[in-house]
Amino acid sequence: MTDIPQNDVASAEEAAPMHAAVERRALAEFWFYFSENRGAVLGLAVFLTLIVVAILAPVIAPYGPNVQDRNALLVPPFWQEGGSTAFLLGTDAVGRDMLSRLIYGARFSLFIGLVVVSIALAGGVTLGLISGYVGGVVDTIIMRVMDVILAFPSLLLALVLVAILGPGLMNAMIAIAIVLQPHFVRLTRASVLNEAGRDYVTSARVAGASPFYLMTRTILPNCLGPVIVQATLSFSNAILDAAALGFLGMGAQPPTPEWGTMLAEAREFILRAWWVVTFPGLAILITVLAINLMGDGLRDALDPKLKRS
Amino acid sequence: MSGAGGAIVSARNLSRHYQVGGGAFSKERTVRALQDASFDLFPGKTLAVVGESGCGKSTLARVVTMIEEPSSGTLEIGGKAALANAVETRRTIQIVFQNPYGSLNPRHKIGAILEEPLKLNTDMSASERRRIGLETMERVGLRPEHYNRYPHMFSGGQRQRIAIARALTLKPKVLVLDEPVSALDLSIQAQVLNLLADLQSDLGLAYLFISHDLSVVRHIADDIMVMYLGRAVEAGDARTVFAAPAHPYTAALMSATPSADPDRKKTRIMLTGELPSPLNPPPGCAFNPRCAHADGTCRASRPPLEPHSGRDLACFHPLV
């Protein structure tokens, strides 16, 4: 690469800042439409805070997630009578600090969302792309299998899968990914069917593109908008389903500070100590709500039909 | 038409049939979208194909570019049969589509769009591809700073220039132009047509120009082929045909073209009826239900395409 002609290097250097400017303008345009939606910005803020909290958990949390204080069982939050500022959100039945456990729990929730969405996205987009592009018998087989998966109530199917695979966080994540996958397949297939007939695809074929090139380089990038939105919405679904599986004892196992599992452990204290159930529930609620708001805003900002120029 | 001497591409009896229906509730039927099309393309010459919607013009474009393989007939490039998915075919014949808003990949920059054919068909280095890309852009009247922009930043006319540039990067000998200006404004149409004319004289390209707009065709065609329901009804030298159309259908088409000359007498031939369904073409000459000159012979048998006063004609009752 040392013998590049001199003028070519010059033109490449000229092109670089121009390229960056175009990218920056696209980003600015995206932010303009995204920021018009107050809810979406709020959702994004909460979500970013959550990420920071999850990353900095060992720094922020006052105690370890599994450290027990035998002298402080079921201590209420600090503003209630009998509470202390040593345990801001109180302690649970075995004397573990609620706040620390919630902070560490954020790590699990984000991890679950990320892993589940990655598995569902990779599998779903691949199957949808093949199904939409190849068509015929392959399409029929893939879509009927997806219909079968969709026919079951999602949580029930996840439960059955976990029962087969054995309880545990990893298996729960695989089960939820399988349950969420058909949505990605259908969405991708619909986009591919829409794009495959366009002239630019034919044009690439006339230029000599192989089917693999057409699928991955020409069609796929033009199908990603709705898939990205589905991914954000599935992120919150995954957290919710994982919490439900945890609550039913099929997900993360104690003493993991996973929010759903915390809820399950605290069930018997609902009447005596409201804080052990309320805070994990609130944590799930706020996270899911924030991500859904963000997803809605993302959909509006990415949909070219809603753009005014 | 004159013999195949010097022709880059020769088509003989090209046909394309589609099977429709054939499900559980309908009988499978055949649409004969294109039948027995024969023509030669010569360097520096334009063959215009005209006809109403549904007459097989676009099918012809798809068959000539091997997007779809012909059901029967042969397509020869320099005496050798053209193959689908062959580098040789792609390097000889390229296509420009009608709608420049759909024919450019919206996620690619202009540079990537132009260089894609080179990337797929040659083993040039990136800098060499870039050089050819910029060179082609200059040739079609685009500025170098357009290289890093996306298609949505351009107007329709500029997009069509980009589409033409993309078709040119492989240095083809034949361009199939599938209604290249009908999606553009009238003022832009002239610019693009002038560009095409310049490119033809500079590069010696052969054009297969598909259009329904006879005022455009009159302007640029050397040869013309008039199609009706999948078949050529009149073909020959454009000036001969325009001066004195021999087929009643050609005459009707030409009389329907608006003229900017207010003194010209209007003798418009009104066609009655609709274009018949290609699923169920009328017996005999396909044009007989709408033709003022049709008689029993026309309804009984189909006229063959035969030489007649300086052109090829398929009619029992020629007007000249």
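Here is how names work: the chains are called A, B, and so on, in the same order as the sequence lines, proteins then strands, and each is numbered from 1. Quick caveat, the model's predicted, so the values are computed rather than measured.
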Practice task
Check whether B:Asn121 gets within reach of chain A through its side chain, its backbone, both or neither, counting any heavy atom under 4.5 Å.
Solution key: side chain
Problem - chain A contacts, top residue of B:Leu104, B:Leu170, B:Thr169, B:Thr65 (heavy-atom pairs, under 4.5 Å) - result: B:Leu104
Exercise for the section: Mark yes when over 12 heavy atoms from residues, nucleotides or ligands other than B:Asp202 sit less than 6.0 Å from its CG; otherwise mark no. Expected result: yes
Handout entry: Which atom of B:Glu116 lies closest to which atom of A:Ala204, heavy atoms considered
Key = OE1-CB, 4.1 Å
Problem - B:Arg16, CZ atom: more than 12 neighbouring heavy atoms under 6.0 Å - result: yes
Handout entry: CZ (A:Phe111) with more than 12 external heavy atoms under 6.0 Å
Key = no
Handout entry: From NZ (B:Lys119) to OH (A:Tyr213), nearest 0.5 Å
Key = 4.5 Å
Exercise for the section: Measure the shortest side-chain to side-chain distance between B:Arg107 and A:Leu224 over non-hydrogen atoms and say whether it is less than 4.5 angstrom. Expected result: no
Completion exercise
Interface check, chain A: of B:Gly102, B:Pro117, B:Ala86, most non-hydrogen pairs under 4.5 Å belong to B:Gly102
Completion exercise
Of all heavy-atom pairs linking A:Thr218 and B:Asn105, the shortest is O-ND2, 3.6 Å
Handout entry: Point-to-point distance, once rounded to the nearest 0.5 Å, from CD of B:Glu68 to OG1 of A:Thr202
Key = 9.5 Å
Fill in the blank from the handout: Heaviest contributor of heavy-atom pairs below 4.5 Å to chain A, chosen from B:Gln98, B:Arg166, B:Arg62, is B:Arg166
Exercise for the section: Could you tell me whether A:Phe30 atom CZ has more than 12 heavy atoms of other residues or ligands within 6.0 Å of it? Expected result: yes
